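Here's the structure, in structure tokens; my notes come after.
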Number of protein chains: 2
Amino acid sequence: MKTTQSSVNISTGSPGNEYLDVFDSTAQSPCLPLLATAIGYKLRRAQLAVFQDFQRSFACVKLRPTEFAVLSLIATNPGQKQTEVAEQLGIKRANFVALMDCLETRGLAERRKGDIDRRSHSLHLTAKGSDFIAEISKLWAQHEKRIIERLGGRRQ
Amino acid sequence: MKTTQSSVNISTGSPGNEYLDVFDSTAQSPCLPLLATAIGYKLRRAQLAVFQDFQRSFACVKLRPTEFAVLSLIATNPGQKQTEVAEQLGIKRANFVALMDCLETRGLAERRKGDIDRRSHSLHLTAKGSDFIAEISKLWAQHEKRIIERLGGRRQ
DNA sequence: TATTGTTATACTCTATAACTATA
DNA sequence: TATAGTTATAGAGTATAACAATA
């Protein structure tokens with residue numbers, strides 16, 4: 001199978017539902033026999049349920065899934081170019097600007113002018129950003145644990 | 001586990017990527033160790049990849065995933081109230097209006113004034129709508145088959 | 001001439017409030 | 001007064017084109 005970088009985008013997800021029953025494969029709604037077998041439909045509802053759990057979990061620190069992904073990517077691979085990070089997440093470089101502005105304004109990450117190529121910005125966490133990640137790591141662990149439990153058990 | 005109706009919404013999904021490598025669990029990008037273990041991230045990318053395949057598959061008949069879901073729901077349970085169908089898909093009734101307008105304008109589905117409660121509209125397929133579903137059923141089967149193959153094999 | 005980051009803009013999807021007509 | 005459908009509108013997320021600075 002291909003291992004080429006996909007360009008799907010990871011943002012979006014709206015709050016509102018209380019239940020993650022979409023994971024319950026025994027919940028064969030009599031109203032959705034066609035849709036219930038649709039993989040994309042199941043995936044979509046599962047994804048939204050997980051994102052909504054994320055949003056509830058991280059509302060206290062005002063962090064969205066996309067922002068989490070960006071911080072996580074910068075933390076893991078500091079110094080990458082702005083466009084590189086955007087591309088890894090399937091975000092257009094034009095749309096990445098405001099996202100990065102926000103993280104920079106909050107003091108969590110920063111752009112540094114490239115020494116060699118002065119057009120590019122390399123991305124780094126600030127000290128505050130590192131602290132922030134440490135601070136939210138427990139929230140993250142709890143969120144993932146909750147999702148795994150709903151899914152039925154354990155990560156393989 | 002709860003079997004309450006979830007209110008997550010099924011729309012959204014943007015075109016653009018060529019590969020569904022997000023399904024390849026062996027594709028552990030060295031750049032995403034944190035994200036690669038994030039269930040929501042995996043789900044989001046998988047869902048987008050599936051929706052993009054849907055969009056490519058159904059572009060020829062100009063049908064979006066959400067419209068497909070609505071038609072499928074009306075076909076399965078004709079006569080339901082407009083708000084009932086919207087709620088089953090996690091779509092706000094206000095946003096369902098334009099969606100239904102579109103299907104009605106295309107002659108695929110219709111609203112009928114309720115006899116008892118004249119505020120409500122019951123939803124039905126037209127003859128053309130039934131034909132349309134028959135016409136696209138092969139596209140649907142091919143799409144699902146493609147996704148299942150990418151996922152690694154077979155439906156349990 | 002090509003690329004990086006940026007701005008501006010349009011389009012889609014989603015959420016809320018308020019209206020109308022019925023109940 | 002409450003509900004079904006509708007309208008209007010605001011906010012996200014996403015896509016494209018075009019620009020300045022740099023290569």
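In this text, all values refer to a predicted model and were calculated from it rather than measured experimentally. In what follows, chains are A, B, ... by sequence order, proteins preceding strands, each numbered from 1.
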(message) Evaluate A/Gln80 against A/Ile74 for side-chain contact (heavy atoms from CB on, under 4.5 Å), listing each step before the verdict.
(response) CA-CA 7 Å; A/Gln80 287 189 109; A/Ile74 297 177; over 6 Å; no
(request) Could you please spell out the steps behind the side-chain contact (heavy atoms from CB on, under 4.5 Å) verdict for B/Tyr41 and A/Val50? (result) CA-CA 9 Å; B/Tyr41 179 77; A/Val50 172; over 6 Å; no
(request) Walk me through it: do A/Lys113 and A/His121 pass the test side-chain contact (heavy atoms from CB on, under 4.5 Å)? (result) CA-CA 5 Å; A/Lys113 271 283 183 195; A/His121 294 164; 3.9 Å; yes
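Atom CG in A/Leu125 sits 9.0 Å away from atom CD in A/Glu110 (nearest 0.5 Å).
The side chain of A/Arg119 lies closest to C/dT4, out of D/dG13, C/dT16, C/dT4. The side chain of B/Lys81 has D/dA4 as its nearest neighbour among C/dG5, C/dT6, D/dA4.
Within the structure, every side-chain polar atom (N or O) of B/Lys92 is placed at least 4.0 Å from both OP1 and OP2 of C/dT14. For C/dC13, the OP1/OP2 oxygens have a side-chain nitrogen or oxygen of B/Arg64 closer than 4.0 Å. Side-chain nitrogen and oxygen atoms of A/Arg118 include at least one within less than 4.0 Å of the OP1 or OP2 phosphate oxygen of D/dT22. Applying the 4.0 Å criterion to OP1 and OP2 of D/dT6, one finds that B/Arg111 has a side-chain N or O inside that range.
The separation between A/Leu48 atom CG and D/dA12 atom P is 17 Å, rounded to whole Å. The distance between atom CD of A/Gln47 and atom P of C/dT14, rounded to the nearest whole Å, is 11 Å. Atoms CD (B/Gln55) and C1' (D/dA15) sit 13 Å apart, rounded to a whole Å. Whole-Å rounding puts the B/Met100 CE to D/dG5 C1' distance at 12 Å. Per the geometry, CZ belonging to B/Arg93 stands 15 Å off P belonging to C/dT20, to the nearest Å. Between A/Phe96 atom CZ and C/dT7 atom C1' there is a gap of 17 Å when expressed in whole angstrom units. Distance CZ (B/Arg45) to P (D/dG13): 16 Å, rounded to an integer number of Å. Computed from coordinates, the A/Glu87 CD to C/dT3 P distance equals 12 Å when rounded to whole Å.
A residue-by-residue look at B/Asp117 and A/Ser122 shows that A/Ser122 has its nearest nucleotide of DNA chain C further toward the 5' end.
Within the 4.5 Å cutoff, side-chain heavy atoms of B/Leu71 are placed close to those of B/Leu63.
If you check every strand for non-hydrogen atoms under 4.0 Å, B/Ile116 touches sugar and phosphate atoms only.
Judged by distance alone, with hydrogens and angles left aside, A/Asn95 brings a side-chain donor or acceptor within reach of the base of D/dA15, the pair sitting under 3.5 Å.
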